[in-house]
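Reading through the structure tokens given below for one structure.
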Amino acid sequence: MKAMIDYGRLYGTTISNQQFCDFLGLPSRKIGTRMLRTLQVKHNHKQKGRTYDLSSFLEK
């Protein structure tokens, strides 16, 4: 997803669900969570305060 590459280049290789939703203009965090799961983005396994690793998108 090009937006993930753009975010990674602008802000760094980690993103929270809230940041993801804000960056893409999504109306709901649930939508963001589903999208991140669908993209199979690696995360830090926490429930609260979870961050996702975008480095795999930047390597392509």
Side-chain angles (χ1 to χ4, degrees):
M1 174 182 249
K2 186 166 175 13
M4 302 289 260
I5 296 168
D6 292 342
Y7 185 93
R9 289 183 179 157
L10 290 170
Y11 302 108
T13 59
T14 60
I15 190 170
S16 69
N17 187 35
Q18 183 66 52
Q19 291 168 325
F20 180 72
C21 292
D22 291 345
F23 188 71
L24 294 180
L26 299 175
S28 165
R29 289 189 316 196
K30 285 185 180 183
I31 294 170
T33 300
R34 283 189 219 129
M35 288 180 71
L36 288 164
R37 274 194 213 140
T38 301
L39 293 169
Q40 298 179 342
V41 181
K42 293 180 183 177
H43 56 81
N44 63 3
H45 300 290
K46 293 180 185 177
Q47 290 297 317
K48 192 170 189 172
R50 177 175 285 186
T51 56
Y52 297 87
D53 183 10
L54 304 179
S55 58
S56 62
F57 288 94
L58 299 174
E59 293 170 359
K60 294 180 181 177

Listed by chain and number, what are the side-chain contact (heavy atoms from CB on, under 4.5 Å) partners of [X], not counting sequence neighbours?
X: R50; result: H43, N44, Q47, Y52
X: D6; result: K2, F23
X: S28; result: K30, I31

Can you measure from CZ (F20) to CG (L26) and round to the nearest 0.5 angstrom?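 F20 CZ to L26 CG: 6.0 Å, rounded to 0.5 Å.
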Which value, rounded to the nearest 0.5 Å, describes the distance between M4 atom CE and M35 atom CE? 8.0 Å
For L54 and I15, which heavy atoms make the closest approach, and how far apart are they? CD2-CG2, 3.8 Å
Give me the atom names and distance for the closest heavy-atom approach of L58 to I5.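 So the minimum-distance heavy-atom pair works out to CD2-O, 3.6 Å.
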Carefully, step by step, assess L39 and F57 under the rule side-chain contact (heavy atoms from CB on, under 4.5 Å). CA-CA 10 Å; L39 293 169; F57 288 94; 4.3 Å; yes
Once salt bridge (charged side-chain N to carboxylate O under 4.0 Å, His left out) is applied, do any residues pair with K46, and if so which ones, sequence neighbours excluded? none
Please check: side-chain N/O of N17 versus main-chain N/O of T33, any donor-acceptor pairing under 3.5 Å? yes
Any residue meeting side-chain hydrogen bond (donor to acceptor under 3.5 Å, both in side chains) with S16, in chain and number order, not counting sequence neighbours: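 Partners of S16 under the side-chain hydrogen bond (donor to acceptor under 3.5 Å, both in side chains) test: Q19.
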